There are 2 protein chains.
Amino acid sequence: MDKLTNIFREKNLKLTPQRYAIYKYLKSTKSHPSAEMIYDTIKADFPTMSLATVYKTVRTLIELGLVQEINVGEDNFRFDANVDNHPHIVCITCGKVDDIEDAAFEHLNQDVENFTNYKVSTHKLYFYGICPECQKEL
Amino acid sequence: MDKLTNIFREKNLKLTPQRYAIYKYLKSTKSHPSAEMIYDTIKADFPTMSLATVYKTVRTLIELGLVQEINVGEDNFRFDANVDNHPHIVCITCGKVDDIEDAAFEHLNQDVENFTNYKVSTHKLYFYGICPECQKEL
DNA sequence: ATCGATGCAAACCTTTTGCACCTCT
DNA sequence: AGAGGTGCAAAAGGTTTGCATCGAT
């Protein structure tokens, strides 16, 4: 975690306990929590934590390139400390959001350049379906 | 537009001038306007139009399957009367949102099923890049 | 007369901002 | 003392809801 300290120091930012806790939590989970979910979780360890600090911190983490923001079509954003560009899949039954790993979709950018006159730099891919657990319950 | 009338009548909904104007506007444009943009446009013809009616109407149109909602990562939703499932591309310079037409990405659902244990039903694909017009200005 | 729709205002939710206080150096 | 951070409360968007009025059948 020395690396983290350096990243912060380089920008004259402080790696406070709150910031560290939020980043560590995001690194530890694959649940793609919203700000509210982060707040509820961290509050257990930091009773004085405020929602404003969560928002300010995720904004900082995004600017540092340590976290990415996703929007699966809900009315809020979710956060992911896995900053590799990877698709997400949403269970339309239980609402869970999973990563899709090991699937290479980078070639899609080139495909899209062939169909448009855009210079394509990135993409966000969201799939929707029913997760294995919810399939069992049918 | 008789078809529209029928769709509304079947659900005991009324095709009011406001609703008609909003749908017609959405059908006529490829700009993927937000509720606010729709409101500003329609207000020229319907000075009494309220933003609440825009929101209520797009909600109704979505439930009728006549309009789809997209979120390119802004803090609001945009609306598209092209309900075919097609990808969108956002110009990161001017903010424009274009359709990507004629590109078949339906096979991606199958690809994703092969990588996950989800039963995949649909997807939303957003690409980001620089549009032809903005490329010229560089 | 009935039933849904409109449009205003208020409420709601997520996110941002202002500001006083705090921490660390 | 100085610089950035926290956390409260207030503000700021975007969106929804309640309700009285309107309009068409």
Side-chain angles (χ1 to χ4, degrees), chain A residues 4-23 25 32-64 66-79 95, chain B residues 4-25 32-64 66-79 95 97:
Chain A
L4 253 200
T5 316
N6 289 339
I7 293 174
F8 274 77
R9 185 137 43 194
E10 276 172 24
K11 308 273 172 157
N12 278 330
L13 297 172
K14 291 173 185 166
L15 183 52
T16 63
Q18 291 91 331
R19 285 175 171 175
Y20 181 69
I22 290 171
Y23 182 67
Y25 171 54
H32 308 85
S34 64
E36 189 83 38
M37 294 169 185
I38 296 170
Y39 173 62
D40 288 339
T41 302
I42 303 286
K43 208 169 38 175
D45 290 320
F46 290 81
T48 71
M49 168 74 64
S50 87
L51 194 48
T53 297
V54 174
Y55 277 108
K56 286 170 182 165
T57 297
V58 294
R59 197 54 46 211
T60 302
L61 292 170
I62 288 168
E63 277 155 21
L64 291 173
L66 295 169
V67 162
Q68 65 170 307
E69 195 172 44
I70 68 176
N71 187 307
V72 301
E74 299 166 321
D75 51 0
N76 58 32
F77 287 89
R78 290 166 171 261
F79 303 94
Chain B
L4 253 199
T5 317
N6 290 337
I7 293 174
F8 274 79
R9 185 137 44 195
E10 275 171 25
K11 307 271 175 165
N12 278 330
L13 297 170
K14 292 174 183 164
L15 184 51
T16 63
Q18 290 92 332
R19 283 174 172 175
Y20 181 70
I22 290 170
Y23 181 67
K24 197 171 61 140
Y25 172 54
H32 309 86
S34 65
E36 190 82 36
M37 294 168 185
I38 296 170
Y39 172 62
D40 288 340
T41 303
I42 303 286
K43 209 168 36 175
D45 290 320
F46 290 80
T48 71
M49 168 74 65
S50 88
L51 193 49
T53 297
V54 174
Y55 278 108
K56 286 170 182 166
T57 296
V58 295
R59 197 55 45 211
T60 302
L61 292 170
I62 288 168
E63 277 155 20
L64 291 174
L66 295 169
V67 162
Q68 66 171 307
E69 194 173 44
I70 67 176
N71 187 307
V72 301
E74 299 166 320
D75 52 359
N76 57 29
F77 287 90
R78 289 165 172 261
F79 303 95
V97 179

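Just so it is clear, the structure is predicted and the values come from calculations on it, not from any experiment. Note on naming: letters A, B, ... go to the chains in the order of the sequence lines (proteins, then strands), and numbering restarts at 1 for each one. Any value given below was found using the heavy atoms of this structure, including those in side chains, with hydrogens, waters and symmetry copies removed.
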Which dot-bracket string describes DNA chain C (Watson-Crick N1-N3 plus N6-O4 or O6-N4, or G-U N1-O2 and O6-N3, all under 3.5 Å; [ ] crossing; | other strand)?
-> |||||||||||||||||||||||||
Qualifying residues under side chain to side chain contact (heavy atoms under 4.5 Å, CB included), relative to B:Thr53, sequence neighbours excluded = B:Gln18, B:Met49, B:Ser50, B:Thr57
Can you name the closest pair of heavy atoms from A:Val54 and A:Ile22 and give their distance?
-> CA-CD1, 3.9 Å
Sequence neighbours excluded, the answer for side chain to side chain contact (heavy atoms under 4.5 Å, CB included) partners of A:Lys43 is A:Tyr39, A:Asp40
Shortest non-hydrogen contact between A:Phe8 and A:Lys14, atoms and distance | CD2-O, 3.7 Å
Please list, in 5' to 3' order, the outermost nucleotides of DNA chain C lying under 4.0 Å from any heavy atom of chain A.
-> C:dT14 to C:dG18
Between A:Ala21 and A:Phe46, what is the shortest heavy-atom contact and its length?
-> CB-CE1, 3.6 Å
Output side-chain donor-acceptor pairs under 3.5 Å for residues 69-76 of chain A, partner residues at least two apart or in another chain, one line each.
unit_1, atom_1, unit_2, atom_2, d
A:Glu69, OE2, A:Arg59, NH2, 2.8
A:Asn71, OD1, A:Gly73, N, 2.7
A:Glu74, OE1, A:Arg78, NE, 2.9
A:Glu74, OE2, A:Arg78, NH2, 3.3

What string of B, S and - do you get for nucleotides 5-19 of chain D, 5' to 3', when a contact is any protein heavy atom under 4.0 Å?
-> SSBBB----SBBBB-
Residues forming a side chain to side chain contact (heavy atoms under 4.5 Å, CB included) with B:Tyr55, sequence neighbours excluded | B:Ala35, B:Leu51
Could you pull out all residues at least two apart from A:Thr60 that satisfy side chain to side chain donor-acceptor pair (under 3.5 Å)?
-> none
Not counting sequence neighbours, which residues clear side chain to side chain contact (heavy atoms under 4.5 Å, CB included) with B:Asp45? List them please.
-> none
In chain order, what residues pass the side chain to side chain donor-acceptor pair (under 3.5 Å) check against B:Thr41, with sequence neighbours excluded?
-> B:Tyr25
